[in-house]
Amino acid sequence: ATAPASWDRPLEGKVAVVTGAARGIGATIAEVFARDGAKVIVADIPAAGEALSETANKVGGTALALDVTAPDAADKLAEFATERFGGIDIIVHNAGITRDKLLANMDEGRWNSVINVNLAAPHRITEGLVAKGVLKEGGRVIDVSSIAGIAGNRGQTNYGASKAGVIGMVNAEAPKLAEKGITINAVAPGFIETAMTAAIPLGTREAGRLMSSLLQGGQTVDVAETIAFFASPASNAVNGNVVRVCGQSLI
Ligand code: NAI
């Protein structure tokens, strides 16, 4: 086969959902998807409020207040996307949280909330959308893992476990989803400059930056462009992969 002349607007006509899209990496993914021609549903918790509408306006997308951990999250998303767009082609499970504590203080609440948002919710929503046939043939599922799920990180037993779990989930779901013509891949970002990492103590933050051979924090767009590849026809034959986005991390 010959190469296509160009990938200009490779997501034209596609419906894409990005969770946790009010700010940070999610907001940039929405921007990149819109640039590439997709109709974007930006989802975030109700408390995200104005920030979510601002992202939606910026990308000409549609906002959906959705807590990914709600038991009916898949139903709600399925109904919303079907009514407005007739289904979903691409979903990025980007919503994520940290609740860091050293092991001795890692209480059950911190453990459960991180596992629920970062690992259980993406699984439940993917399963729900596939079972309902809302995620179309040719569909793409893209999960957001982390270097913390590969290399581990002090104080992040819960977060690292959730992000390592995402990798296990991608590996397990890839052959199953392939039967339906759907691919699933993940990115594992290193230290990216967002509100999430701005909350960590300065010393740890500096150490995070120095772990990249670029010797600085990554940008949200670095992650978004890698995800755009997984969403585009350029990656038709790519399934069950995890790509590190961490400036040739020294880890
Ligand atoms: P952020 O904290 O700036 O944004 C996360 C968004 O997710 C927020 O808008 C938040 O409201 C939303 N969210 C949280 N819980 C939610 C829920 N239950 N339902 C729906 N939305 C929810 O974080 P950032 O840095 O943009 O991270 C995005 C993703 O990238 C996360 O999964 C994070 O774990 C991952 N990541 C980030 C890295 C970094 O260095 N910033 C490194 C590796 C992975």
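Order of appearance sets the numbers: ligands from 1, and atoms from 1 within every ligand. What you see is a predicted model; the values in this text were computed from it and never measured.
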Nearest to atom 5 (C) of ligand 1, what protein heavy atom do you find, and at what distance? G96 O, 3.9 Å
So for ligand 1, is I147 a polar contact partner (N or O within less than 3.5 Å, distance only)? no
Does either side chain, that of R140 or that of N239, offer a donor lying less than 3.5 Å from an acceptor on the other one? no
Restricting to non-hydrogen atoms, name the atom on V18 and the atom on I29 that form the minimum distance, rounded to 0.1 Å. CG2-CG2, 3.9 Å
Can you establish whether the number of heavy atoms outside E108 located under 6.0 Å from its atom CD is more than 12? no
Atom 23 (O) of ligand 1: the protein heavy-atom neighbour that sits closest, reported with distance to 0.1 Å: M196 CB, 3.5 Å
Looking at F191, which atoms of ligand 1 are within less than 4.0 Å of one of its heavy atoms? 40 (O)
CD1-CD1 distance between I25 and I192, expressed to the nearest 0.5 angstrom: 5.5 Å
Treating T82 as the side-chain partner and E79 as the backbone partner, does any N or O pair qualify as donor plus acceptor under 3.5 Å? no
For residues I184 and A174, report the shortest heavy-atom separation together with the two atoms involved. CG2-CA, 3.4 Å
If you compare V144, T98, I97 by their heavy atoms, the one closest to atom 30 (O) of ligand 1 turns out to be V144
Of all the heavy atoms in K163, does at least one lie under 4.0 Å from an atom in ligand 1? yes
Check: of V92, I45, V187, T69, min heavy-atom distance to atom 17 (C) of ligand 1 comes from I45
Result for side-chain hydrogen bond (donor to acceptor under 3.5 Å, both in side chains) between E193 and one of R209, R205, Q216 points to R209
So which protein heavy atom does atom 8 (C) of ligand 1 come closest to, and at what separation? D44 OD2, 3.6 Å
Judging by distance only, is a nitrogen or oxygen of I192 under 3.5 angstrom from one on ligand 1? yes
Considering only the protein, which heavy-atom contact is closest to atom 42 (C) of ligand 1, and what is its distance? G190 O, 3.0 Å
For atom 25 (O) of ligand 1, what's the nearest protein heavy-atom neighbour? Residue, atom name and distance, please. T194 OG1, 2.5 Å
Are more than 12 heavy atoms, taken from residues, nucleotides or ligands other than K136, located less than 6.0 Å from that residue's NZ atom? yes
Quick check on S145 - does any of its heavy atoms sit under 4.0 Å from an atom of ligand 1? yes
Under 4.0 Å from any heavy atom of L66, which atoms of ligand 1 are there? 19 (N), 20 (C)
Is it true that D100 and R154 make a salt bridge, defined as a side-chain N closer than 4.0 Å to a carboxylate O? no
Can a donor-acceptor pair be found, under 3.5 Å and without considering hydrogens, that links the side chain of D222 to the backbone of C246? no
Between I88 and A81, the two heavy atoms sitting closest are CG1-CB, 3.5 Å
Please indicate whether any nitrogen or oxygen in T197 is less than 3.5 Å from any nitrogen or oxygen in ligand 1. no
Top protein contact for atom 26 (O) of ligand 1, by heavy-atom distance: I25 N, 2.8 Å
Has A21 got any heavy atom lying under 4.0 angstrom from an atom of ligand 1? no
Suppose I only count heavy atoms of P189 and a 4.0 Å limit; which atoms of ligand 1 are within that range? 42 (C), 43 (C), 44 (C)
Y159, any N or O under 3.5 Å of ligand 1 N or O: yes
Does N118 reach ligand 1 with a nitrogen or oxygen that is under 3.5 Å from one of the ligand's nitrogen or oxygen atoms? no
Exactly one of T98, T157, L119, N158 clears side-chain contact (heavy atoms from CB on, under 4.5 Å) with V114, and that residue is N158
Under a 4.0 angstrom heavy-atom cut-off, which atoms of ligand 1 come close to D67? 17 (C), 18 (N), 19 (N)
Tell me whether S146 has any N or O atom under 3.5 angstrom from an N or O of ligand 1. no
Should V92 and M169 be counted in the same cluster of Ile, Leu, Val, Met, Phe, Trp and Tyr side chains packed under 4.5 Å apart? no
Among protein heavy atoms, which sits nearest to atom 19 (N) of ligand 1, and what does the distance come to when rounded to 0.1 Å? V68 N, 3.0 Å
Residue, atom name and distance, where the atom is the protein heavy atom closest to atom 3 (O) of ligand 1: R23 NE, 3.0 Å
Can you hop from I182 to F85 via hydrophobic side chains spaced under 4.5 Å? yes
